[in-house]
K.L.:
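Here it is: the structure, laid out below.
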There are 2 protein chains.
Amino acid sequence: MAKLKIDGNTEEKILLAARKVFLSKGLAGARMQDIADEVGMNKALLHYYFRTKDKLFETIFKETTRQFIPRLTTIFQSDLPLFEKIEAFCSEYIDKIIENPFIPLFILNEINKQPYSFLQKMWGGKKPEISKFFEQLKTEQTKGSIRPVEPLQVLMNMMSMCAFPFVAKPLWKFVAGVTDEQFLELMKTRKKEVPMFIIQSLKK
Amino acid sequence: MAKLKIDGNTEEKILLAARKVFLSKGLAGARMQDIADEVGMNKALLHYYFRTKDKLFETIFKETTRQFIPRLTTIFQSDLPLFEKIEAFCSEYIDKIIENPFIPLFILNEINKQPYSFLQKMWGGKKPEISKFFEQLKTEQTKGSIRPVEPLQVLMNMMSMCAFPFVAKPLWKFVAGVTDEQFLELMKTRKKEVPMFIIQSLKK
DNA sequence: GTCTATATTCCGATAGAC
DNA sequence: GTCTATCGGAATATAGAC
């Protein structure tokens, strides 16, 4: 009978624990011991499976970004009309972050620390494609149906408004006294609010 | 004659170097040796002046946030009319970050890692005030001059669009091939673009 | 106050028993 | 594969000369 382990084997358990620890503490802040504790086993095991901390981290980082980003570029390259595309992107992006609130800050930290070559290697020389979205924006502008804006500015605005509220969550908590429940509600509201906001601002 | 040192004394030199290193590498990533190298003196000195790495870091963190945030709340509590206030905030906020591009990620990391009590202590029990800005938004809404939006959502949008592009800079570099010079130009443009964007979206 | 030298602690990694 | 024990280097911190 073929090996078909339903429960996670050790390697998977390690990955799960490593993911949790690296996401909250980052590469420099995380300790192999922390991960071992999280798995409920000892450090030597981690080295047995992944040789070094850096290799383990790289595995996690790849897995995390590869899971997080491509789905979004798929939306950008889809055939949806512009406004629907904006709505789909924001809604899905925010949903993903609600599920994994630590991912944005994790990725931001690492892309700011790792050398550029690391990013390139990670994507096998290819970069996430968004050209179709940009084309659509330009097309609508020449048609005159939206006002002229640099497409990159629109992308920045959209991603900013989706991701930043999560990484700055303690700030809202602090200055506006928002509770965890209230925050979640706010973010759910934003799934509709942000696209409206963007679309509204594109009107002439 | 009273001691009136024009040039930075040693303590100030250390603070300057520590600030630079901590801002770019974070607490966990920074080495006391890095800071010593930056000062051009040796590690023992750092301990002589600040005893521990943690204490040195805390000094930097306090100094940084205390310098960065209050000016912004001053704008929120000022007597400027709503739209002008939005323009003033964005322009000044973006300018500040252009001067110190590492500050946002630095602060985001620490407010996400430090316990809530730390933040409270840091602000002496008081929190940055923004109530006047919120009041103005509500007033304009009841007057019917802007469409109804949750004030916190507007604040989130505004801060997101000002700060996020900087923390995600490597991303724009990577997916859109933006150079440093182009990026700076984009950000300068945003000093006008973002407020326009916000105001446009508030119109009915 | 500033330095060199050294102590101490921590942490990643390996050796070797089972 | 998993464990205990330990090595070796790196980083924080201190001692003590000048």
Side-chain angles (χ1 to χ4, degrees), chain A residues 1-64 106 109-110 113-115 118, chain B residues 1-63 106 109-110 113-114 118:
Chain A
M1 180 190 164
K3 255 202 276 184
L4 206 160
K5 306 209 171 182
I6 302 295
D7 66 330
N9 56 25
T10 303
E11 189 168 340
E12 280 163 10
K13 280 191 214 161
I14 292 174
L15 283 172
L16 209 66
R19 194 181 148 87
K20 183 172 170 185
V21 174
F22 279 134
L23 275 167
S24 65
K25 303 194 174 184
L27 171 57
R31 297 291 94 106
M32 292 298 264
Q33 189 61 57
D34 298 335
I35 300 171
D37 292 346
E38 185 74 30
V39 189
M41 291 174 172
N42 57 52
K43 290 189 296 180
L45 254 284
L46 310 182
H47 290 286
Y48 175 78
Y49 280 95
F50 296 93
R51 268 200 74 75
T52 70
K53 182 187 178 184
D54 280 350
K55 286 199 202 313
L56 177 54
F57 177 80
E58 192 174 325
T59 306
I60 298 296
F61 185 65
K62 273 190 189 169
E63 184 199 280
T64 302
F106 172 74
N109 271 312
E110 299 310 323
K113 260 151 211 165
Q114 302 286 349
F118 179 80
Chain B
M1 180 190 166
K3 254 200 276 185
L4 207 160
K5 306 211 173 180
I6 301 296
D7 66 330
N9 57 23
T10 303
E11 188 168 341
E12 279 163 11
K13 279 191 213 157
I14 293 174
L15 283 172
L16 208 68
R19 193 181 148 91
K20 182 172 171 186
V21 174
F22 279 134
L23 276 168
S24 66
K25 302 195 176 184
L27 171 57
R31 297 290 93 107
M32 292 297 265
Q33 187 63 57
D34 300 334
I35 299 171
D37 293 347
E38 185 74 29
V39 189
M41 292 177 172
N42 58 50
K43 291 186 293 180
L45 254 285
L46 311 183
H47 287 100
Y48 174 77
Y49 281 96
F50 296 93
R51 257 199 91 68
T52 71
K53 182 186 178 186
D54 281 348
K55 287 198 203 310
L56 177 53
F57 179 81
E58 191 172 323
T59 306
I60 297 296
F61 183 64
K62 275 189 189 170
E63 184 199 279
F106 175 74
N109 272 313
E110 296 312 319
K113 260 155 209 159
Q114 304 286 350
F118 178 80

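Per chain, numbering begins at 1; letters A, B, ... match sequence-line order.
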K.L.:
With respect to the phosphate group of D/dT12, does any side-chain polar atom (N or O) of B/Thr52 fall under 4.0 Å of OP1 or OP2?
P.N.:
no
K.L.:
Can you tell which of D/dT12, D/dC3, C/dT4 lies closest to the side chain of A/Ala44?
P.N.:
D/dC3
K.L.:
Looking only at heavy atoms, which two atoms of A/Leu15 and A/Glu63 are closest? And how far apart?
P.N.:
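In terms of heavy atoms, the two residues are closest at CD1-OE1, 4.4 Å.
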K.L.:
Could you check how far CD of A/Glu12 sits from C1' of D/dG1, rounded to whole Å?
P.N.:
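Answer to the nearest Å: 16 Å.
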K.L.:
Rounded to whole angstroms, how far apart are CG on A/Leu46 and P on C/dT14?
P.N.:
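Atom CG in A/Leu46 sits about 13 Å away from atom P in C/dT14.
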K.L.:
Could you check how far NZ of B/Lys43 sits from C1' of C/dT9, rounded to whole Å?
P.N.:
13 Å
K.L.:
Show your working on side-chain contact (heavy atoms from CB on, under 4.5 Å) between B/His47 and B/Lys55 and close with a plain yes or no.
P.N.:
CA-CA 10 Å; B/His47 287 100; B/Lys55 287 198 203 310; over 6 Å; no
K.L.:
Please determine whether a side-chain nitrogen or oxygen atom of A/His47 lies at a distance below 4.0 Å from atom OP1 or OP2 of C/dT14.
P.N.:
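It does not, given that no N or O in the side chain of A/His47 lies less than 4.0 Å from OP1 or OP2 of C/dT14.
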K.L.:
Just to be sure I understand the rule, does A/Ala36 reach a base, reach only the sugar-phosphate, or reach nothing, if contact means heavy atoms closer than 4.0 Å?
P.N.:
nothing
K.L.:
Would you kindly give the CG-to-P distance between A/Asp37 and C/dC11, to the nearest whole Å?
P.N.:
11 Å
K.L.:
For the pair made of CE in A/Met41 and P in D/dT2, what is the distance, rounded to whole Å?
P.N.:
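After rounding, the gap between these two atoms is 5 Å.
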K.L.:
For A/Lys53 and D/dG8, what is the distance between atoms NZ and P respectively, to the nearest whole Å?
P.N.:
21 Å
K.L.:
May I ask you to say what B/Ala28 touches in the nucleic acid, namely base, sugar-phosphate or nothing, with a heavy-atom cut-off under 4.0 Å?
P.N.:
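Nothing, no nucleic acid heavy atom in range.
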K.L.:
Look at the side-chain N and O atoms of B/Arg51 and state whether any lies under 4.0 Å from the OP1 or OP2 oxygen of D/dT12.
P.N.:
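Answer no for this pair, as no side-chain N or O of B/Arg51 is under 4.0 Å from OP1 or OP2.
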K.L.:
For the residue pair A/Val21 and A/Ala30, what are the closest heavy atoms and their distance?
P.N.:
CG1-CB, 3.7 Å
K.L.:
Taking only the side-chain nitrogens and oxygens of A/Tyr49, find out if one of them lies under 4.0 Å from OP1 or OP2 of D/dG1.
P.N.:
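Affirmative; the distance criterion is met.
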K.L.:
Taking all non-hydrogen atoms of both residues, which atom of A/Phe57 and which atom of A/Gln114 are closest, and how far apart?
P.N.:
CE2-NE2, 3.7 Å
K.L.:
Would you mind reading off the distance between A/Lys55 atom NZ and C/dA13 atom P, rounded to a whole angstrom?
P.N.:
10 Å
K.L.:
Tell me which one of B/Lys20, B/Lys13, B/Gln33 satisfies side chain to side chain donor-acceptor pair (under 3.5 Å) with B/Glu38.
P.N.:
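Only one of B/Lys20, B/Lys13, B/Gln33 forms a side chain to side chain donor-acceptor pair (under 3.5 Å) with B/Glu38, namely B/Lys20.
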K.L.:
What integer distance in Å separates B/Arg31:CZ from D/dG9:P?
P.N.:
17 Å
K.L.:
Return no unless some side-chain N or O of A/Asn42 is found under 4.0 Å from OP1 or OP2 of D/dT2.
P.N.:
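No, A/Asn42 has no side-chain N/O under 4.0 Å of OP1/OP2 on D/dT2.
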